[in-house]
Number of protein chains: 2
Amino acid sequence: MGAKQWSSDWMRAALGLCVLRTLAAGPTYGYAIAAELEERGFGTIKGGTLYPLLTRYDAAGWISVEWRVGAGGPERKYLSLTNTGLDELATQTANWRDFTDTVLAHLDSTLTSGTALTMGTDKS
Amino acid sequence: MGAKQWSSDWMRAALGLCVLRTLAAGPTYGYAIAAELEERGFGTIKGGTLYPLLTRYDAAGWISVEWRVGAGGPERKYLSLTNTGLDELATQTANWRDFTDTVLAHLDSTLTSGTALTMGTDKS
DNA sequence: TCTGACTAACTAGTGACACTATATAGTCAT
DNA sequence: ATGACTATATAGTGTCACTAGTTAGTCAGA
């Protein structure tokens with residue numbers, strides 16, 4: 001289901017937003033976030049990508065951390081979205097929609113050969 | 001019109017695709033690409049971002065280069081999309097649509113608290 | 001004439017962050 | 001005990017955007 005691997009630049013752009021969105025469903029931990037995102041079609045999220053990101057979000061005050069014992073396995077670091085994080089999610093989500101709309105508008109625009117070539121330097 | 005500045009990670013993700021799309025309208029040069037993208041709502045594209053990108057695309061064989069005298073000003077380095085570049089644009093455009101659909105599907109998904117928390121380690 | 005504004009391409013230095021690979025440690029089945 | 005799976009984390013490397021310039025041409029106004 002989640003076999004596809006997207007460009008790392010694209011993942012770099014959207015991963016943070018997707019992680020915040022995942023956290024909005026309730027407290028969870030890194031490994032489970034990676035599993036859910038993979039299931040949703042984002043490809044495999046490596047620990048070396050995810051954990052530093054979660055550390056940055058903790059430092060930013062967007063998430064809070066609580067250790068809990070796991071059900072048969074090592075301890076889990078449960079992460080919850082703070083109010084600041086929830087605000088951030090809302091802001092980023094709205095911006096993301098605007099941004100992707102802007103990109104799609106450009107991609108779908110009519111091919112007008114030479115649109116940008118008349119730049120005003122042509123004074124005559 | 002182009003006052004908004006998007007997150008640099010987002011621009012990093014989409015700039016290449018947008019540049020290829022701009023080139024698909026016909027040969028043009030760096031400064032004009034930056035001006036057109038700004039007009040289309042992408043914010044200001046700095047030379048330090050754009051020119052290295054164009055150099056990479058030239059090295060990748062996606063664009064070809066030709067110097068022409070400018071209309072009252074320094075020489076312009078006109079860039080054309082190669083056939084390889086055109087293929088790349090088509091591929092990336094299709095992938096971009098898939099990717100943004102995947103992200104939006106996640107953002108719009110119903111909030112189901114604890115979705116990913118039952119991961120199979122809970123054996124009993 | 002020389003000063004600044006605009007056009008146009010390009011580079012050095014720095015920093016952010018993903019990637020590869022690895023470490024640590026717990027549980028469980030063979 | 002050996003390997004597979006769960007779970008978090010870090011070191012080293014490389015890519016690339018950002019800041020802040022340089023070089024160079026044209027043109028308008030002091």
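The structure displayed is predicted, hence computed values, not measured ones. Residue numbers begin at 1 in each chain, while the letters A, B, ... track the order of the sequences.
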Practice prompt. List the protein contact pattern of nucleotides 11-22 of chain C with one symbol per nucleotide (5' to 3'): B for base contact, S for sugar-phosphate-only contact, - for none; contact means a heavy-atom distance under 4.0 Å.
Written response: B----BSSBS--

Fill in: Pairs meeting criterion side chain to side chain donor-acceptor pair (under 3.5 Å) with involvement of residues 92-104 of chain B, two or more places apart
A/K4-B/D98, A/D108-B/R97, B/E88-B/Q92

Item to complete: Write out all pairs satisfying side chain to side chain donor-acceptor pair (under 3.5 Å) with one or both partners inside residues 6-19 of chain B, taking only residues at least two apart or from two chains.
Response: A/D9-B/R12, A/R12-B/D9

Worksheet item: Which atom names give the shortest non-hydrogen contact between A/L50 and A/G30, and what distance separates them?
Response: CD2-O, 3.1 Å

Worksheet item: Of the non-hydrogen atoms in B/G85 and B/L81, which two are nearest, and what is the gap between them?
Response: C-CG, 3.9 Å

Practice prompt. Select base, sugar-phosphate, or nothing to describe what A/W67 touches, counting heavy atoms under 4.0 Å on all strands.
Written response: sugar-phosphate

Discussion item. Could you work out, with side-chain contact (heavy atoms from CB on, under 4.5 Å) as the rule, every residue matching B/Y57, not counting sequence neighbours?
Written reply: B/L20, B/L53, B/W62, B/I63

Item to complete: Would you confirm whether B/T82, through its side chain, and B/S64, through its main-chain N or O, come within 3.5 Å as a donor-acceptor pair?
Response: no

Worksheet item: So, B/E38 versus B/T44: side-chain donor-acceptor pair below 3.5 Å or not?
Response: yes

Discussion item. Quiz question: by atom type and distance under 3.5 Å, do the side chains of A/R40 and B/H106 form a donor-acceptor pair?
Written reply: yes

What is the distance from [atom1] of [X] to [atom2] of [N], rounded to the nearest Å?
X: B/Y57; N: D/dT15; atom1: OH; atom2: C1'; answer: 13 Å
X: A/E38; N: D/dC5; atom1: CD; atom2: P; answer: 13 Å
X: B/I45; N: C/dT7; atom1: CD1; atom2: P; answer: 16 Å
X: A/I33; N: D/dT6; atom1: CD1; atom2: C1'; answer: 15 Å
X: B/Y29; N: C/dA8; atom1: OH; atom2: P; answer: 4 Å
X: A/R76; N: C/dT27; atom1: CZ; atom2: C1'; answer: 12 Å

Worksheet item: Among residues 86-97 of chain A, which contact DNA chain C at a heavy-atom distance under 4.0 Å?
Response: none

Worksheet item: Is any side-chain N or O of B/Y31 closer than 4.0 Å to OP1 or OP2 of C/dT7?
Response: yes

Worksheet item: Is there any salt bridge (charged side-chain N to carboxylate O under 4.0 Å, His left out) pair reaching into residues 45-69 of chain B, and which pairs are they, with sequence neighbours excluded?
Response: B/E66-B/R68

